[in-house]
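In what follows, a single structure is set out as structure tokens and then discussed.
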Amino acid sequence: MSGGSEMTLEYSGVSYAEHASKNTCDEIWETLQAYFPHSAKHYSSMDVDEYRSLVGLAQDALCNRGFVRKIVREIYPQIVQALQESRFFIQTNLYLRATRPHVFQDGEAIGWHRESFYGSNMEHSFNIWTPIAGVVTENTLRFVPESQNIPEDQISTERLNDKVTLKYSIGHKIGFQYAPKRIVSGVDFSRTEPMNVPRYHSSIFPGNLIHGAAHNKSEQIRFSLDFRILPISAFNNFSSKNFHFASGKPYFEEY
């Protein structure tokens with residue numbers, strides 16, 4: 001596949017961007033192997049808090065090595081094409097998603113959502129999602145095509161209390177919600193599609209696209225990274241997120 005997009009943003013909401021080189025994804029995988037040297041079975045038997053602490057350490061290592069900027073640099077032309085703007089803000093940290101196989105307890109995967117559920121002005125954001133290892137059709141991110149066009153007032157949700165994630169806990173730091181919203185109506189989930197992103201590619205999609213991670217029914221840990229970007233024209237000092245708990249830094253910085 002070329003560096004363009006096979007599925008256009010106008011059709012589905014998702015475009016697939018080929019990285020300019022293999023270096024960044026290979027460096028990320030090398031870093032992760034240092035934190036996860038054992039078999040997947042070893043990690044699946046861990047207590048959830050113990051495992052989340054390990055994921056948090058690996059996430060910190062990836063953030064400290066500046067992989068958000070490295071990924072953006074490798075797919076910059078495709079980001080500009082998606083945003084129709086050459087200047088934008090990037091999240092100051094990334095989230096490491098390391099979903100264990102055959103662990104189906106609450107808090108193991110992120111449910112269906114859009115970014116506006118969890119932050120003001122995030123309806124203008126875009127997501128960058130990069131699969132690293134163990135991502136297959138059966139466990140990849142799924143999405144509802146064109147759902148970024150569903151008005152917010154047509155979607156009904158209910159707020160839940162997550163059973164294993166507390167506010168400011170390690171689970172919260174690695175991207176799990178302590179009070180997630182569950183979609184009750186307004187979205188046709190019979191139309192979901194897998195986000196099959198080729199190796200050495202990232203997907204780019206609007207933050208308001210309804211998306212969620214499937215449970216991992218494979219035999220390997222499913223490793224992926226994600227972060228948000230925001231067109232500079234959409235940034236608002238009063239409504240945009242201005243602090244990121246996971247990094248202790250401003251939520252966004254200009255690329």
Side-chain angles (χ1 to χ4, degrees), residues 1-7 14-44 46 51-82 88 90-101 109-110 126-142 173-175 194-205 211 213-214 216-229 246-247 249 253 255:
M1 184 183 296
S2 68
S5 95
E6 202 169 75
M7 298 172 61
V14 181
S15 61
Y16 301 152
E18 184 176 6
H19 288 218
S21 78
K22 299 178 180 180
N23 295 342
T24 293
C25 288
D26 286 345
E27 288 176 17
I28 291 169
W29 180 227
E30 181 180 332
T31 302
L32 289 176
Q33 287 178 300
Y35 285 88
F36 299 90
H38 305 297
S39 69
K41 184 177 180 180
H42 171 83
Y43 301 104
S44 292
M46 277 186 173
Y51 184 67
R52 286 181 169 187
S53 294
L54 176 61
V55 174
L57 291 174
Q59 178 175 292
D60 286 345
L62 296 173
C63 292
N64 291 337
R65 294 189 63 179
F67 282 118
V68 170
R69 286 187 171 271
K70 290 181 179 181
I71 291 173
V72 169
R73 183 170 63 244
E74 291 193 349
I75 60 171
Y76 177 80
Q78 296 95 322
I79 291 176
V80 171
Q81 182 181 8
F88 50 89
I90 60 174
Q91 196 171 310
T92 53
N93 81 299
L94 54 77
Y95 287 118
L96 170 62
R97 312 297 183 177
T99 307
R100 295 175 289 178
I110 307 295
F126 281 72
N127 286 357
I128 308 296
W129 184 69
T130 309
I132 300 299
V135 181
V136 294
T137 298
E138 291 73 26
N139 67 17
T140 191
L141 197 66
R142 298 190 68 87
K173 179 179 179 180
I174 62 174
M195 199 175 290
N196 288 321
V197 183
R199 191 178 184 190
Y200 301 117
H201 288 63
S202 292
S203 61
I204 306 171
F205 58 93
H211 60 285
N216 188 359
K217 298 178 182 180
S218 73
E219 299 302 322
Q220 302 299 323
I221 298 175
R222 169 194 176 277
F223 289 105
S224 66
L225 312 176
D226 61 81
F227 56 89
R228 257 47 70 209
I229 59 176
S247 66
K249 302 176 182 178
E253 63 184 9
Y255 176 70

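- Taking Tyr200 as the reference, Asp26 meet the side chain to side chain donor-acceptor pair (under 3.5 Å) condition, with sequence neighbours excluded.
- Under the side chain to side chain donor-acceptor pair (under 3.5 Å) criterion, Thr99 pairs with no residue, sequence neighbours left out.
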What's the verdict on side-chain contact (heavy atoms from CB on, under 4.5 Å) for Tyr255 and Tyr76, showing C-alpha distance, side-chain angles and the deciding distance? CA-CA 10 Å; Tyr255 176 70; Tyr76 177 80; 3.8 Å; yes

Apply the test side-chain contact (heavy atoms from CB on, under 4.5 Å) to residues Phe205 and Met195: give CA-CA distance (whole Å), side-chain angles for both, the deciding distance (0.1 Å), then the verdict. CA-CA 11 Å; Phe205 58 93; Met195 199 175 290; 3.8 Å; yes

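- To the nearest 0.5 Å, atoms CG (Asn139) and CD1 (Ile221) are separated by 11.5 Å.
- Every side chain to side chain contact (heavy atoms under 4.5 Å, CB included) that Leu62 has, sequence neighbours left out, goes to Ile28, Thr31, Leu32, Phe67, Leu94, Leu96, Leu225.
- Here Pro77 pairs with nothing under the side chain to side chain contact (heavy atoms under 4.5 Å, CB included) rule; sequence neighbours left out.
- One distance of note links NZ of Lys249 with SG of Cys63; it measures 7.5 Å at 0.5 Å rounding.
- With sequence neighbours excluded, no residue forms a salt bridge (charged side-chain N to carboxylate O under 4.0 Å, His left out) with Glu219.
- Scanning both residues, Asn93 and Phe227, for their nearest heavy atoms gives O-CB, 3.8 Å.
- Applying the side chain to side chain contact (heavy atoms under 4.5 Å, CB included) rule to Ser202 yields the partners His19, Ile71, Ile75, Ile128, Thr130; only residues at least two apart in sequence or on another chain are considered.
- The one candidate from Arg65, Lys70, Glu74 that meets the side-chain hydrogen bond (donor to acceptor under 3.5 Å, both in side chains) condition with Thr24 is Glu74.
- Partners of Ser44 under the side chain to side chain donor-acceptor pair (under 3.5 Å) rule, at least two apart in sequence or in another chain, do not exist in this structure.
- Between the His201 side chain and the Arg199 main chain, a donor and an acceptor come within less than 3.5 Å of each other.
- Not counting sequence neighbours, the partners of Ser53 by the side chain to side chain contact (heavy atoms under 4.5 Å, CB included) test are Ile170.
- Residues passing the salt bridge (charged side-chain N to carboxylate O under 4.0 Å, His left out) test with Arg69 are Glu253, sequence neighbours excluded.
- The shortest side-chain heavy-atom distance between Arg222 and Leu141 falls under the 4.5 Å cut-off.
- Tyr95 approaches Gln59 most closely through the heavy-atom pair CA-OE1, 3.4 Å.
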side-chain contact (heavy atoms from CB on, under 4.5 Å) between Thr92 and Val68, worked out: CA-CA 8 Å; Thr92 53; Val68 170; over 6 Å; no

Might you work through the side-chain contact (heavy atoms from CB on, under 4.5 Å) test for Val197 and Val135, ending with a clear yes or no? CA-CA 9 Å; Val197 183; Val135 181; over 6 Å; no

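- For the pair Gly134 and Ser218, the tightest heavy-atom approach, listed with the atom from each and the gap, is O-OG, 4.4 Å.
- Take Phe36 and apply the ring-ring contact (aromatic ring centres under 6.0 Å, His included) test, not counting sequence neighbours, and it matches Tyr43, Phe223.
- When all heavy atoms of Pro101 and Ala40 are compared, the closest pair comes out as CG-CB, 3.9 Å.
- Distance CD/Glu30 to SG/Cys25: 13.0 Å, rounded to 0.5 Å.
- Taking 4.5 Å as the limit, some side-chain heavy atom of Lys173 sits within range of a side-chain heavy atom of Asp60.
- Rounding to the nearest 0.5 angstrom, the gap separating the CG atom in Asn127 from the CD atom in Gln91 is 8.5 Å.
- For Tyr51, the side chain to side chain donor-acceptor pair (under 3.5 Å) test picks out no residue, with sequence neighbours left out.
- A pairwise comparison of heavy atoms in Pro37 and Ala34 identifies CD-O, 4.1 Å as the closest pair.
- Using a 4.5 Å heavy-atom cutoff, the side chains of Val14 and Trp129 are not in contact.
- Residues passing the salt bridge (charged side-chain N to carboxylate O under 4.0 Å, His left out) test with Arg97, sequence neighbours excluded: Asp226.
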